[in-house]
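Quick caveat, the model's predicted, so the values are computed rather than measured. Quick note on labels: first sequence line is chain A, next is B, and so on, each numbered from 1.
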Amino acid sequence: MSEKQQTALSPKRDQDFPEWYQQVVRAADLAENSEVRGCMVIKPWGYALWERMQGVLDGMFKATGHRNAYFPLFIPLSYLEKEAAHVEGFAKECAVVTHHRLESKDGKLVPAGVLSEPLVVRPTSETIIGAAYARWVKSWRDLPILLNQWANVVRWEMRPRVFLRTAEFLWQEGHTAHETQEEAEEETMKMLRVYETFARDYLAVPVLTGEKSEGERFPGAVKTYCIEAMVQDRKAIQAGTSHFLGQNFSKASGIQYQSREGKLEHAWTTSWGVSTRLIGTLIMMHSDDDGLVVPPRIASTHVVIVPITPKEESRAAVLEAVNHLASSLRAINFHGIPIGVELDARDLGGGIKNWEWIKKGVPIRIEIGPRDLAQGTAAMARRDRGPKEKEFVPVDGIPGTIAGILDEIQEGLLLRATKFRETHTRKIDSLEEFKKFFTPQNREKPEIHGGFALAHWNGSKEVEDQVKDELKVTIRCIPFEDSPEPGVCLFTGEPSRQRVVWAKSY
RNA sequence: CGGGGCGUAGCUUAGCUUGGUAGAGCGCCUGGUUUGGGACCAGGAGGUCGGAGGUUCGAAUCCUCUCGCCCCGACCA
C-alpha cells in the first residue's frame, strides 16, 4: 500500500453519515443484510451486544418485580381488530400467514391448506397477551400481573436499515395489568426510569425523557413516554418507550376483575419495550471514523491482548506472559461480570490485528512483546484515544488499574455524548430561526445540521403535522419539567404551556 | 405503493454507446522474506456478467419480460 489511510473507515462521519454507519456495522462485523428483504443477520459480535443488553435489562426487570413469559408468534387476525387505533397503526405493516402446507406442483412448491383465519406475525403483542390476561384475571387479588417477554416481532417496513429499522427485530415487551389507574401510571413511569438509567449508565447514552405528542403516540395508548437520544448527525432517535394504555386494551380484550367493592371493573394496563435498535443507537452515538466504540459497561470483551512474537525463541515466553495476564484479568469483576478478555494469538501482523480490534470497538488493547518481557511492561491503548496512542505500563499493575480505566472510558463517553447534545440543543423563539436551524446549506447533499430545538407549541396536532410536512421536523418529546416555562407558540402565537423538543428523527 | 438509479469474483468496480465469448484493485489460499501500527515478493483459487426469453453465425453489450437492491417520497421502534 503506497499511502496509509488516516482513518479506518471511509467515508468519515461528516462526509456521509448514513454510509459511514453502514461501514461501522460492516467493519465491526456486527451484522449483514440477509437475502430476505429487510431482515438482518446479526453476527456474533453484534449479538454479543444484544446479549449484554438483555442480561442487564433482564436483571433490572426482575429487580422491579417482573417475570418472563412467552406468548405465540402468531396472532389471529381478529385479535388485532379489537382495538380501533391499534389496527389503524399496524395494519399497513403486517406479515400475514394464510396457509399451513406446501404442495408440489410442476416441480414447484406452492402454498396449500388455507387457514380458516389468517394469522398475523406479531408486530407487538398487546392483543394476544391481553387475551391471556382476560383468562387469568378474575379478582382484584389476581392483580397486578407483571410480565415481560423477550421476542422477535415483524413490521413490514418500507425502508429498512440495519438495526434501526428492520422488518424483523428483536426486542423485549413488558405487559402489565393493574387494579388502579394510579398504579398503572406509576408502573409506566417506573419502567421509563429503568430505561433511562440503563441507557445512561450502561450505554453511556444520555437521554431526554418525556411524553410523546398525540401524533407520535403508540396506536391504542393513552399516553406514550419515551427516552430520546441525539446521535452524531444531530438527529433524534427514540431509544425506548413506555405506554400507559389506560383501559383501552383491557376493554378490547375483556380484562375484567371483581373489585374490593364487588364491582366488575376493567384493569389498567401498560406496555413498554426496547429493541435491537438500541444497538443502532449505540453505534451512532459513540463510534468514530475508526469504527465502533463499545462502552465498557455494555462490552462483553473489555480487553484484547495481542502478543507480539517477532522471534521464534521468545514466542513461548511471550505467550506465557499474555496467558498469565489474561487469566488474572478474567478473575476481576467489572460491574457484576468478569472482565472479558480476548487473546489474539493469530499468526497475523500486529498492525492488522490492532486495526481489527479498533474497528470492533474493544475498550482496551494490550500488546506484550519480547522487549516488554524484559522490562516487565505492556503497551496499553484505549479506544477513546487516538489509534496510535499507547502507553507503556508495568504489567503487574494492570489488574489493579484496569477497572478504573474502564470506568474512566465509560464516564468519558457519557460526558462527550452529553456535551454534544448540549452543544446542539437550542432554545428557539422565532419561526425564522427555527426554519434556518433545520434547513441545510447544501440542498443537494445536506450536511449535518440542526439538533434539538426547544420551542413553544400550542399543543395541536395540526401544527405538528404542518411542521413535519414542511421541514421533516417532529416533536420528539414533551419533556418532564418541574417548573414549565409558559410562552407563545412559535407557529400560531397562541399560548404555550412549555417548550417541547423538536428534531429530525430516525 | 409513486419518482429516479443500479445489478459483472467475497468487496469496489472496468468493459456496454460502436456485439467477437471477461479485466483490475482490495480480500482469500500457498511458499518465502518479514513482523513493536493497515508489510513485501512469487505463485494460485475464485465469474454460466441477477433471472427468463428474443434478435444474431456470435450477447455482459441490442430488445422484451421478470426478480432484487439503493436513493427520494408516503409509513415506522
Output the single nucleotide from [options] whose closest atom is nearest the side chain of [X].
| X | options | result |
| --- | --- | --- |
| A:Ile308 | B:G38, B:U35, B:G37 | B:U35 |
| A:Asp372 | B:G37, B:G36, B:A77 | B:G36 |
| A:Lys468 | B:C75, B:G37, B:U35 | B:C75 |
| A:Ile352 | B:C76, B:G37, B:G38 | B:G38 |
| A:Pro370 | B:G38, B:C75, B:G36 | B:G36 |
| A:Trp355 | B:G36, B:G38, B:A77 | B:G38 |

For [X], report the nucleic acid contact type (base, sugar-phosphate, nothing); a contact means any heavy atom under 4.0 Å.
| X | answer |
| --- | --- |
| A:Leu164 | base |
| A:Lys359 | base |
| A:Gln238 | sugar-phosphate |
| A:Ala379 | base |
| A:Phe169 | base |
| A:Gly350 | nothing |
| A:Arg161 | nothing |
| A:Thr377 | nothing |
| A:Ile227 | nothing |

Rounded to the nearest angstrom, tell me the gap between atom [atom1] in [X] and atom [atom2] in [N].
| X | N | atom1 | atom2 | value |
| --- | --- | --- | --- | --- |
| A:Arg165 | B:A74 | CZ | C1' | 12 Å |
| A:Phe163 | B:A77 | CZ | P | 19 Å |
| A:Gln149 | B:A77 | CD | C1' | 16 Å |
| A:Glu93 | B:A74 | CD | C1' | 13 Å |
| A:Asp347 | B:U34 | CG | P | 14 Å |
| A:Lys472 | B:A74 | NZ | P | 7 Å |
| A:Asn33 | B:C69 | CG | P | 9 Å |
| A:Glu367 | B:U35 | CD | P | 15 Å |

Query raised in the report: Hey, which of A:Glu173, A:His175, A:Gln172 is the one that makes side-chain hydrogen bond (donor to acceptor under 3.5 Å, both in side chains) with A:Asn148?
Result: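 Among A:Glu173, A:His175, A:Gln172, the one meeting side-chain hydrogen bond (donor to acceptor under 3.5 Å, both in side chains) with A:Asn148 is A:Gln172.
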Query raised in the report: Should the ring pair A:Phe198 and A:Tyr202 be called parallel, tilted or perpendicular, given that the plane angle runs from 0 to 90° and is split at 30 and 60?
Result: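 Parallel: the ring planes of A:Phe198 and A:Tyr202 meet at under 30°.
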Requested in this report: For the residue pair A:Tyr195 and A:Phe61, categorise the inter-ring angle as parallel (less than 30°), tilted (30 to 60°) or perpendicular (more than 60°).
Outcome: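 Answer is perpendicular, since the angle exceeds 60°.
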Whole-angstrom distance between [N] and [M], as gauged at atom [atom1]:
| N | M | atom1 | answer |
| --- | --- | --- | --- |
| B:A45 | B:C29 | C1' | 7 Å |
| B:G36 | B:U12 | P | 30 Å |
| B:C26 | B:C69 | P | 31 Å |
| B:C49 | B:G7 | C1' | 10 Å |
| B:A59 | B:G54 | P | 12 Å |
| B:G10 | B:G3 | P | 33 Å |
| B:G51 | B:U56 | P | 23 Å |
| B:U61 | B:U8 | P | 14 Å |

Side chains of [X] and [Y], donor plus acceptor under 3.5 Å:
| X | Y | answer |
| --- | --- | --- |
| A:Asp290 | A:Thr7 | no |
| A:Thr124 | A:Glu126 | yes |
| A:Arg193 | A:Thr209 | yes |
| A:Glu462 | A:Gln466 | no |

Requested in this report: For A:Glu389 and for A:Arg217, find the nucleotide of RNA chain B with the closest heavy atom, then tell me which residue's nucleotide is more 5'.
Outcome: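 Closest to the 5' end, via its nearest nucleotide, is A:Glu389.
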Query raised in the report: Cationic tip of A:Lys360 within the cone over A:Trp45's six-membered ring, i.e. under 6.0 Å and within 45° of the normal?
Result: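 Yes, a cation-pi geometry holds between A:Lys360 and A:Trp45.
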Report task. Test the A:Lys223-A:Phe244 pair against the cation-pi criterion, namely NZ or CZ under 6.0 angstrom from the six-membered ring centroid and within 45° of the ring axis. Result ->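 The answer is no; the distance or angle limit is not met.
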Query raised in the report: Under the 3.5 Å rule, do the base of B:G38 and the side chain of A:Asn354 count as making a donor-acceptor pair?
Result: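 A donor-acceptor contact between them is absent.
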Query raised in the report: Looking only at N and O atoms, is any donor in the side chain of A:Lys390 or the base of B:G37 less than 3.5 Å from an acceptor on the other one?
Result: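 Checked by distance alone, the answer is yes.
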**Report entry** Crowding at CD, A:Glu320 (>12 non-hydrogen neighbours, <6.0 Å)
**Finding:**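 Not more than 12 within 6.0 Å, no.
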Report summary line: Secondary structure of RNA chain B per the Watson-Crick/G-U criterion (both distances under 3.5 Å; [ ] crossing, | other strand, . unpaired) is (((((((..((((......[..)))).((((((.....)))))).....(((((..]....))))))))))))....
